[in-house]
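Working notes, beginning with the structure itself.
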Amino acid sequence: MESAEVVATVAEVIGWIAFGGSLGCLLLALLIRLADGRWLPTDAVVVDQEHGSTVRWFAEGAFHQRRLSDDERAHVVDADEERAYYREREPDRLRLHEPPAGRRAIRVVGLVLLAIAGTAGVVSLAIMLAG
């Protein structure tokens, strides 16, 4: 077996493994996205009152508001202009923190694995055509 054939075989095996891993990661990222939805950034205003704090924000052409728990209020940095995230399909849902980065990390790993699979496929094909 020639060294070029060995390299082509190794590249093909790496390509198929990376392709399978990328499909798994991208499918998992899609399932998380479908379950959690898309969260869009907005500016929110926190209003402190006697009976508790309320957060107000503008999303999808309307104003929304909800009460804050004491724990949420403790994490507010700027009551006049707090960065928040609302759910695209349900603008009444609001987070005062960024959505988890896990979905983004899984998607990036899937795309990197897909690039590795593509590169390995090109290498294997080039060696096959050259030989």
Side-chain angles (χ1 to χ4, degrees):
M1 188 179 247
E2 274 185 41
S3 62
E5 291 176 1
V6 171
V7 170
T9 303
V10 168
E12 187 171 344
V13 168
I14 288 173
W16 281 112
I17 291 171
F19 183 69
S22 72
L23 284 181
C25 288
L26 293 173
L27 181 62
L28 180 61
L30 177 65
L31 290 174
I32 292 171
R33 169 85 180 258
L34 290 174
D36 193 32
R38 184 174 172 198
W39 292 84
L40 301 174
T42 188
D43 291 323
V45 175
V46 176
V47 179
D48 294 317
Q49 300 166 340
E50 291 178 18
H51 59 286
S53 298
T54 303
V55 62
R56 295 178 181 155
W57 69 96
F58 185 79
E60 303 299 319
F63 286 99
H64 304 274
Q65 71 178 13
R66 74 168 174 87
R67 295 187 48 101
L68 287 179
S69 68
D70 293 335
D71 186 48
E72 288 178 314
R73 179 60 181 107
H75 290 94
V76 171
V77 178
D78 183 9
D80 292 332
E81 195 173 319
E82 181 69 19
R83 191 71 168 160
Y85 300 86
Y86 69 94
R87 193 168 183 179
E88 184 178 36
R89 292 186 202 140
E90 299 174 58
D92 287 334
R93 296 207 39 208
L94 185 79
R95 289 180 172 168
L96 293 178
H97 55 82
E98 282 192 60
R103 172 177 51 192
R104 193 175 314 129
I106 291 170
R107 186 177 65 223
V108 168
V109 168
L111 292 174
V112 168
L113 287 174
L114 190 60
I116 290 171
T119 303
V122 168
V123 167
S124 179
L125 184 65
I127 291 174
M128 183 181 74
L129 293 176

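Values below: all heavy atoms of this structure, side chains included; hydrogens, waters and symmetry mates excluded.
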Once rounded to the nearest 0.5 Å, what's the spacing between atom CG of Leu96 and atom CG of Asp71? 10.5 Å
Salt bridge (Lys or Arg N to Asp or Glu O under 4.0 Å) with Arg66: which residues, sequence neighbours excluded? Glu72
Please go through Val123's hydrophobic cluster and name the other residues, only I, L, V, M, F, W, Y counting, with side-chain heavy atoms under 4.5 Å joining them. Val7, Ile127
Validation: residues 19-28 side-chain donor-acceptor distances under 3.5 Å, sequence neighbours left out:
from, atom 1, to, atom 2, distance (Å)
Ser22, OG, Ala18, O, 3.4
Ser22, OG, Phe19, O, 2.8

Contacts of Glu81 meeting side chain to side chain donor-acceptor pair (under 3.5 Å) (sequence neighbours excluded), chain-then-number -> none
For Glu12, salt bridge (Lys or Arg N to Asp or Glu O under 4.0 Å) partners two or more places apart: none
For Arg103, what residues pass the side chain to side chain donor-acceptor pair (under 3.5 Å) criterion, not counting sequence neighbours? none
Output a table of donor-acceptor pairs, distance under 3.5 Å, between side-chain atoms of residues 57-64 and any protein atom two or more places apart or on a different chain; print 'none' if there are none.
from, atom 1, to, atom 2, distance (Å)
Trp57, NE1, Pro91, O, 3.0
Glu60, OE2, Tyr86, OH, 3.3
His64, ND1, Asp92, OD1, 2.5
His64, NE2, Ala59, O, 3.1

Side-chain donor-acceptor pairs under 3.5 Å in residues 44-56, sequence neighbours left out?
from, atom 1, to, atom 2, distance (Å)
Asp48, OD1, Ser53, OG, 2.6
Asp48, OD1, Arg73, NE, 2.8
Asp48, OD2, Arg73, NH2, 2.8
Gln49, OE1, His51, NE2, 3.1
His51, NE2, Arg67, NH1, 3.3
Arg56, NE, Gln65, OE1, 2.8

Run the salt bridge (Lys or Arg N to Asp or Glu O under 4.0 Å) test against Glu98 and tell me which residues pass, sequence neighbours left out. none
How would you list all residue pairs meeting salt bridge (charged side-chain N to carboxylate O under 4.0 Å, His left out) that involve residues 28-44, not counting sequence neighbours? Asp36-Arg95, Arg38-Glu88, Asp43-Arg83
Can you give each donor-acceptor pair under 3.5 Å made by side-chain atoms of residues 106-115, sequence neighbours left out, with the distance rounded to 0.1 Å?
none

Other than Tyr85, what residues sit in its cluster of Ile, Leu, Val, Met, Phe, Trp and Tyr side chains whose heavy atoms are under 4.5 Å apart, directly or through others? Trp39
